[in-house]
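Only a predicted model underlies this, so the values are computations on that prediction, with no experimental measurement involved.
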Amino acid sequence: MDLEEQQILPHSPFAQPIRCIVKLGGAAITCKNELEMINDEILHKVSEQLRQAMISSSQKPPGMDWSKRHGASEICCNPDEFKDHSVIDCSPFIVVHGAGSFGHFQASKSGVHKGQLNKPIVKGGFVATRISVTTLNLAIVRALAREGIPSIGMSPFSCGWFTKEKHISSGDLSSVAKAIESGFTPVLHGDAVFDDIQGCSILSGDVIISHLAAYSKPKYVVFMTDVYGVYDRPPTEPDAMLLKEIAVAEDGSWSVINPKLQNSVELTVAAHDTTGGMETKISEAAMIAKLGIDVYIVKAATSHSLRALSGVLRSGIPNDWLGTVVRSSR
């Protein structure tokens with residue numbers, strides 16, 4: 001979304017301010033090299049941290065997943081716990097997650113991101129991709145619900161989102177806004193959607209967040225990843241340096257403020273990643289920062305991610321915090 005588009009945004013459907021939009025990176029919550037494998041330990045920890053950040057009560061609220069887990073003989077949570085429990089005060093958050101080891105294989109194998117729905121392989125891949133990403137979405141919704149977060153899965157395809165040459169051409173947010181107004185936490189995801197030009201495309205979670213931020217104006221945005229933030233080169237290299245602060249100019253260009261770098265930043269994209277990898281994350285974070293909204297990129301399920309989710313970083317970035325903040329240079 002460029003500056004011209006921002007100036008002509010129609011009326012926002014959000015009646016109340018959003019506290020935070022959270023992106024759960026696919027590489028953080030899944031085992032990205034194992035097809036359709038969730039990292040249960042990380043997902044459980046992330047769900048706990050979201051509860052701590054969203055629900056002010058020190059007492060964990062009753063769970064809301066009243067169904068059997070795979071391989072279990074009984075339901076996960078006890079509905080009777082609600083009889084003696086007060087109303088849950090839950091901060092308005094929106095959660096968006098990536099696909100990780102769900103969906104990417106199906107999309108890249110069939111070429112869904114390139115369009116041409118008239119080809120049988122693309123049509124089959126479109127169906128397979130949506131089966132995969134909605135399976136992950138349900139697992140995340142259930143993990144949040146077990147923590148007492150009133151989470152609702154919402155698929156962009158089912159909500160009527162369309163792209164045009166991979167950019168959002170229509171993204172109806174009325175259902176998301178209604179869910180927030182009703183006290184629910186919407187959980188959206190990267191999805192296979194119709195494209196006005198090429199027939200179909202893959203809409204990434206990062207693009208979804210940029211669209212949501214433009215309308216809902218959250219106080220801050222948190223990208224939770226499998227590494228501590230943005231580095232000046234692949235983080236697996238021994239001399240990789242964590243970029244603590246990135247400033248975004250009015251034209252969308254960005255520069256590293258802390259630390260001072262002598263060399264250019266090298267960005268890499270995994271071969272199977274149909275959504276652009278870290279380069280897409282930085283460009284979308286820059287679009288959000290242009291709106292005057294701070295973006296924190298941080299490793300999931302760490303003390304650093306909990307501090308980012310809780311909002312304490314808005315008053316200042318402590319020296320011992322590990323992560324990357326992307327903010328407007330204004």
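Residues satisfying the side chain to side chain contact (heavy atoms under 4.5 Å, CB included) test with K164, not counting sequence neighbours, are S169, D196, I197. Qualifying side chain to side chain donor-acceptor pair (under 3.5 Å) partners for N258, counting only residues two or more places apart in sequence or in other chains: none. Annotation: side chain to side chain contact (heavy atoms under 4.5 Å, CB included) contacts of A300 (sequence neighbours excluded): A28, I42, V46, M224. For D294, the side chain to side chain donor-acceptor pair (under 3.5 Å) test picks out R327, with sequence neighbours left out. Qualifying side chain to side chain contact (heavy atoms under 4.5 Å, CB included) partners for S303, counting only residues two or more places apart in sequence or in other chains: none. For E36, there are no salt bridge (Lys or Arg N to Asp or Glu O under 4.0 Å) partners, not counting sequence neighbours. With sequence neighbours excluded, the residues satisfying side chain to side chain contact (heavy atoms under 4.5 Å, CB included) with A128 are Q106. For S329, there are no side chain to side chain donor-acceptor pair (under 3.5 Å) partners, not counting sequence neighbours.
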Got a list of side-chain donor-acceptor pairs under 3.5 Å for residues 310-318, not counting sequence neighbours?
unit_1: S310; atom_1: OG; unit_2: L306; atom_2: O; d: 3.3
unit_1: S310; atom_1: OG; unit_2: R307; atom_2: O; d: 2.9
unit_1: S315; atom_1: OG; unit_2: V312; atom_2: O; d: 3.0

Considering only distance and modelled atom types, tabulate donor-acceptor pairs under 3.5 Å from the side chains of residues 178-189, sequence neighbours left out.
unit_1: S182; atom_1: OG; unit_2: K178; atom_2: O; d: 2.9
unit_1: H189; atom_1: NE2; unit_2: S155; atom_2: OG; d: 2.8

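Identified under the salt bridge (Lys or Arg N to Asp or Glu O under 4.0 Å) test for residues 115-135, with sequence neighbours left out: R130-D191. Within the structure, ring pair (Phe, Tyr, Trp, His ring centres under 6.0 Å) contacts touching residues 46-69 (residues at least two apart or in different chains) are W66-F82.
Considering CZ of R19 and OG of S216, their distance stands at 14.0 Å, rounded to 0.5 Å.
F126 and F194 have parallel rings, their planes meeting at less than 30° on a 0 to 90° scale where 60° marks the start of perpendicular.
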